[in-house]
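Here's the structure we're looking at; comments come further down.
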Amino acid sequence: MREYRHLGWDPTPGSPPAIAALHVRLDAAATALGTSYRLVDVLVRDSTHWRGEAGDAFRTALTGDLPRSLRNAHRSLTKAARQLGRWHDDLVEYQSTAARYDAEAREDLTALTRAQSHEHQLRTTPNTPTWQLRAAHDAVTEAHESLESIRGLARELEEAHRTQATRIAKSLNAATLHLTPEEPGVLDQFLEWMDDNLGDALGLLSASLGLVAVFSTAPVAVPLLFAAAGLSAAALASHATDPEHQSALAAGFAKGRFDAHFWSSAITLCGDSLGALPGLGAVAQGAKGMAVATRSEAAAQSSVSAGLRSGLEALWTESAAGMRDGMSAPKPVLDWVVRRTSPSVEVPLQTVVAGSGVATSVVGLTPAGDNAETQSTGAGVDAARLITSDIPGAGVTAAQTWSQIRR
């Protein structure tokens, strides 16, 4: 256990070297199991020319439960090794933060001791003015509050460490459930994967629809963009309630830990919000049209069903018009590039912008997406897209929508 003498306890227990060593061993075991599975598969396929009872006995010994058990164990240990690698990186960051808090606590303790000594000296000195005693006491109080504040941050760090450790432990337990010969069904595997990656999967679907919309005409693009906006809203809800994203954002805003995890989470939520914005704006414009149409039918003393039908028609018509307006709205940065080059680059540019979102979403769903360097690269690509395209475009679209609603 590491010693944090000035904090008074270890808020981030754990040994990164031991975890790294176990990760290496698990990874090596997973690789060996994968090699064994492929070797058994090759032996079975290459033995088809061996006829007779001996050949049949050989193939029987190498088929049945053995290949499935090797494959299951390979998958389980690979997933466990990946989770351990993630926990190692998180623990290193937690302990680095704890060491910084301990250094700050040491300075606060030194200041507190000095302030207490000074106060004691003044109180034991005859005829010390009251204002000096009060100032000395205030200095002691301030030093004590500063020390308690840094210890409070350490307690928050301890809670974040405990939450992440619990999550990793659950992931490890889930990974090792299938070390036995019994293999989970395809549906179980899919549901488990969706449970782990729901928000990212929704984001990928939204980005893919946006890319398809680039090459579509308006009658097709409008429904696609509504679907993309809805998927972005669902991805936002999933990501916003994900403990991993919440922990990363809390560590940044509350503790100043603006690392790759923080920026990845912040950019993900920002991208989801901007992806949902065009749909929300278009629906808001449609809702105004529905209200106007309903009031008109009511003034004409039409039946309730006629008023409802007219209102729903206006809702879709105005919403679709709002989405079309958003499609044709100026895109400040991209339009500037087109003006400086050629109109022929407009569609390729839109394709690159939309395609970059699909690419980073795909990478995020692969094992490589757990790597801190890959996360940093993906966050950088997404940030560049947000700055050059999504944010300026969303600003123009929001202004247009607001002007339509205010009419």
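- The shortest non-hydrogen separation linking L274 to P278 is O-CD, 3.1 Å.
- When the side-chain contact (heavy atoms from CB on, under 4.5 Å) test is applied to Q246, no partner is found at least two apart in sequence or on another chain.
- Interatomic distance, CE of M323 versus CG of L224, reported as 10.0 Å (0.5 Å rounding).
- No more than 12 heavy atoms of other residues, nucleotides or ligands lie within 6.0 Å of CD in E142, so this atom counts as exposed by the packing criterion.
- Residue D242 holds its CG atom at 8.0 Å from OG of S265, rounded to the nearest 0.5 Å.
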Donor-acceptor contacts, no H, no angles, side chain residues 227-236, under 3.5 Å, sequence neighbours left out:
{"unit_1": "S232", "atom_1": "OG", "unit_2": "S206", "atom_2": "OG", "d": "2.7"}
{"unit_1": "S232", "atom_1": "OG", "unit_2": "A228", "atom_2": "O", "d": "3.2"}

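- For T97, there are no side chain to side chain donor-acceptor pair (under 3.5 Å) partners, not counting sequence neighbours.
- In this structure, R155 does not pair ionically with E158, as no charged nitrogen and carboxylate oxygen lie closer than 4.0 Å.
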With a cut-off of 3.5 Å and sequence neighbours excluded, list every side-chain donor-acceptor pair involving residues 127-134.
{"unit_1": "T128", "atom_1": "OG1", "unit_2": "L122", "atom_2": "O", "d": "2.8"}
{"unit_1": "T128", "atom_1": "OG1", "unit_2": "T125", "atom_2": "O", "d": "2.7"}

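- Counting all heavy atoms, side chain and backbone alike, G355 lies closest to L211 at N-CD1, 4.0 Å.
- Aromatic rings from F253 and F262 are positioned such that their centres are separated by under 6.0 Å.
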Item to complete: Just do the side chain to side chain contact (heavy atoms under 4.5 Å, CB included) check on T31 and T78 with the steps written out, would you?
Response: CA-CA 8 Å; T31 301; T78 298; over 6 Å; no
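- Residues Y4 and Q95 share a closest heavy-atom pair of OH-O, 3.7 Å.
- Shortest non-hydrogen contact noted between L7 and A98 is CD1-O, 3.9 Å.
- Without hydrogens or angle criteria, S96 side chain to V92 main chain gives no donor-acceptor distance under 3.5 Å.
- Rounded to the nearest 0.5 angstrom, I391 CD1 and L277 CG are separated by 11.0 Å.
- Closest approach of H6 to R151, counting heavy atoms only: O-NH2, 3.1 Å.
- With values rounded to the nearest 0.5 angstrom, E148 atom CD is found 11.5 Å from L153 atom CG.
- R86 has no carboxylate O lying under 4.0 Å from a charged side-chain N of D89, or vice versa, which leaves the two without a salt bridge.
- Annotation: the span from D200 atom CG to L205 atom CG amounts to 11.0 Å, rounded to 0.5 Å.
- Screening residues 267-281 for side chain to side chain donor-acceptor pair (under 3.5 Å) gives H239-D272 as the qualifying pairs, with residues at least two apart or on separate chains.
- Panel note: side chain T163, backbone E159; a donor-acceptor pair is recorded below 3.5 Å.
- Nearest heavy-atom pair, F226 versus G279, reported as atom, atom and distance to 0.1 Å: CE2-O, 4.3 Å.
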Please tabulate, for side-chain N and O atoms in residues 14-29, each donor-acceptor pair with protein atoms closer than 3.5 Å (sequence neighbours left out).
{"unit_1": "S15", "atom_1": "OG", "unit_2": "A18", "atom_2": "N", "d": "3.3"}
{"unit_1": "H23", "atom_1": "NE2", "unit_2": "A81", "atom_2": "O", "d": "3.2"}

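- Rounding to the nearest 0.5 Å gives a distance of 9.5 Å between OG1 of T166 and CD of Q164.
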